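Comments concern the structure below.
Nothing fancy with the numbering, it's 1 onward along the sequence. Excluded from the calculations below are hydrogen atoms, water molecules and symmetry mates; all remaining heavy atoms, backbone and side chain alike, are included. Treat the numbers as computed from the prediction; the structure is a model and nothing was measured.
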Amino acid sequence: MNGPGFAFDTHDHVRMARALTLAARVDNGCDPNPRVGCVIDADGEIVGEGWHTRAGEPHAEIHALAAAGERSRGGTAYVTLEPCCHQGRTGPCSEALAAAGIRRVVVAAGDPNPSVDGGGVSALRQAGIEVETGLMAEASASLNRGFFSRMRQGRPFVVTKIAASLDGRVALADGTSQWITSEASRADVQRMRARSSAILTGIGTVLADNPRMTVRLEESSRWQQPLRVVVDSRLRTPPAANVVNGPGTVLVVGASGADPQRADALRAAGAQVVQVKAANGRIDLGAVLELLAEREVNEVMVEAGPALNGALLQAGLLDEIVIYQAPHLLGGDAMPMFELPPLAAMTGRPVMQPVASRRIGNDWRLRLVPGSV
């Protein structure tokens with residue numbers, strides 16, 4: 001960490017802001033790695049820029065150094081995440097920065113990966129490079145909230161998307177939900193999907209809507225579809241369902257002891273099937289998220305009905321709720337956003353903390369963080 005009394009100047013903030021902008025260009029093509037941007041500055045001028053575009057390919061620092069060439073010698077590197085110091089699918093960026101003659105490195109946030117976690121900063125300092133940390137650290141951590149969650153909590157960051165009417169309803173009593181929100185909101189949802197590592201839904205949604213759960217966005221920089229995950233305790237997902245037959249990988253998570261013939265039929269259709277522990281016919285959702293973390297999933301977007309949303313909320317497994325609220329009413333018989341048990345007192349009601357709101361087409365997009373239930 002920086003010593004007491006150290007202060008970054010305006011120039012440092014401008015350069016790190018640019019590095020964060022570069023990092024944010026990637027949807028999730030670099031999964032399971034974090035989003036990272038790098039700017040090389042020499043004599044007050046940007047001489048090289050780079051960002052990590054795909055796992056297994058050069059990191060942001062390597063791209064920026066290649067662009068800068070010899071002009072990087074004696075310069076300052078602004079990096080949104082601590083440079084790696086270990087040999088993975090690519091070489092250590094700390095060594096590359098030292099070899100290029102970088103004089104100073106400004107790091108936004110430390111890397112929570114145990115293979116790095118302070119080692120990159122130590123390696124740079126041992127090489128005689130001046131290192132300052134913590135500039136715009138919160139912005140960097142927010143950009144990589146899924147990666148930080150997986151490394152620190154052992155599970156992905158989970159955000160649920162809900163399309164609702166003004167009276168908080170998500171479907172008619174018969175399950176009809178297309179379309180509650182505007183075309184502009186649905187396009188915004190596609191961008192949310194593109195930033196996600198996995199899209200998770202429940203068997204109720206699959207049977208009612210037969211969704212595809214794919215990214216359909218021409219400008220997306222993704223090079224592969226997010227993992228599609230269906231929570232389906234009894235493996236009732238039809239092998240001919242859209243979610244099974246779309247591009248990319250689909251994972252159906254059933255309860256231990258589910259019908260093996262159904263599992264075989266889903267596998268024959270191209271799905272991956274795993275079974276996890278369950279109680280009273282309900283799958284352990286924490287175990288599902290642990291399974292996804294083992295598969296190096298950073299961020300999960302939930303697109304489900306009130307039953308699964310309610311179960312995730314009650315289990316304390318929702319990190320963020322995004323509601324697209326349309327200016328119309330569906331009435332008291334329509335389905336609610338969350339299926340929750342009756343409240344005995346007002347003190348037991350779930351509390352939400354508003355984070356941001358924005359108009360999308362004719363709808364409002366609300367971002368909220370759940371409190372205690």
Does Glu130 form a salt bridge (charged side-chain N to carboxylate O under 4.0 Å, His left out) with Arg125? I'd like the steps, not just the answer. CA-CA 6 Å; Glu130 177 187 349; Arg125 286 175 174 157; over 6 Å; no

Take Asp333 and Leu172 through the test side chain to side chain contact (heavy atoms under 4.5 Å, CB included) and record every step on the way to the result. CA-CA 7 Å; Asp333 290 337; Leu172 299 179; over 6 Å; no

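A cation-pi contact, defined as under 6.0 Å to the ring centre and within 45° of the axis, links Arg186 to Trp179.
Under a cut-off of 6.0 angstrom, the local environment of CZ in Arg282 is sparse, with at most 12 non-hydrogen atoms contributed by other residues, nucleotides or ligands.
The minimum heavy-atom distance between Pro32 and Asn298, with the atom names listed, is O-ND2, 3.0 Å. Among all heavy-atom pairs drawn from Ala67 and Gly48, the shortest one is CB-CA, 3.9 Å. The minimum heavy-atom distance linking Asn113 with Met151 is given by the pair CA-SD, 3.8 Å. When all heavy atoms are compared, the tightest approach of Leu340 to Gly310 is CD2-O, 3.8 Å. Closest of all the heavy-atom pairs between Arg103 and Ile129 is O-CG2, 3.5 Å. When all heavy atoms of Leu22 and Cys38 are compared, the closest pair comes out as CD1-O, 3.7 Å.
The line from CG of Leu368 to CD of Gln353 is 8.5 Å long, rounded to the nearest 0.5 Å. To the nearest 0.5 angstrom, Gln272 atom CD is 9.5 Å from Arg267 atom CZ. To the nearest 0.5 Å, atom CD of residue Glu132 and atom OH of residue Tyr78 are 10.5 Å apart. For the atom pair His328 NE2 and Ile180 CD1, the distance stands at 6.5 Å (nearest 0.5 Å).
With respect to Thr237, the side-chain contact (heavy atoms from CB on, under 4.5 Å) criterion is satisfied by exactly one of Val231, Val273, Val244: Val244. For the salt bridge (Lys or Arg N to Asp or Glu O under 4.0 Å) test with Asp319, the passing option among Arg367, Arg150, Arg155 is Arg155; the others fail.
One hydrophobic cluster, built from ILVMFWY side chains closer than 4.5 Å, holds both Val158 and Val297. Neither Ile199 nor Leu317 shares a network with the other; the hydrophobic side chains, linked directly or stepwise wherever heavy atoms of I, L, V, M, F, W or Y lie under 4.5 Å apart, form separate groups for each.
Although no hydrogens or angles enter the test, the distance criterion places no donor-acceptor pair under 3.5 Å between the side chain of Asp232 and the main chain of Val252.
Counting heavy atoms from C-beta on, the side chains of Pro211 and Asn242 never come closer than 4.5 Å. Looking at heavy atoms from C-beta onward, Met352 lies in side-chain contact with Pro370 at the 4.5 angstrom threshold. Inter-residue side-chain proximity for Val106 and Val79 is flagged as unmet; no heavy-atom pair is nearer than 4.5 Å.
By the side-chain contact (heavy atoms from CB on, under 4.5 Å) test, Pro238 pairs with Val206, Leu207, Ala241, sequence neighbours left out.
Between Arg195 and Glu299 there is no salt bridge, since no side-chain nitrogen of the basic residue lies less than 4.0 Å from a carboxylate oxygen of the acidic one. The pair Asp259-Arg234 fails the salt-bridge criterion, with no side-chain N (NZ, NE, NH1 or NH2) lying under 4.0 Å from an Asp/Glu carboxylate O. Between Glu49 and Arg18 a salt bridge is recorded (basic side-chain N to carboxylate O distance below 4.0 Å).
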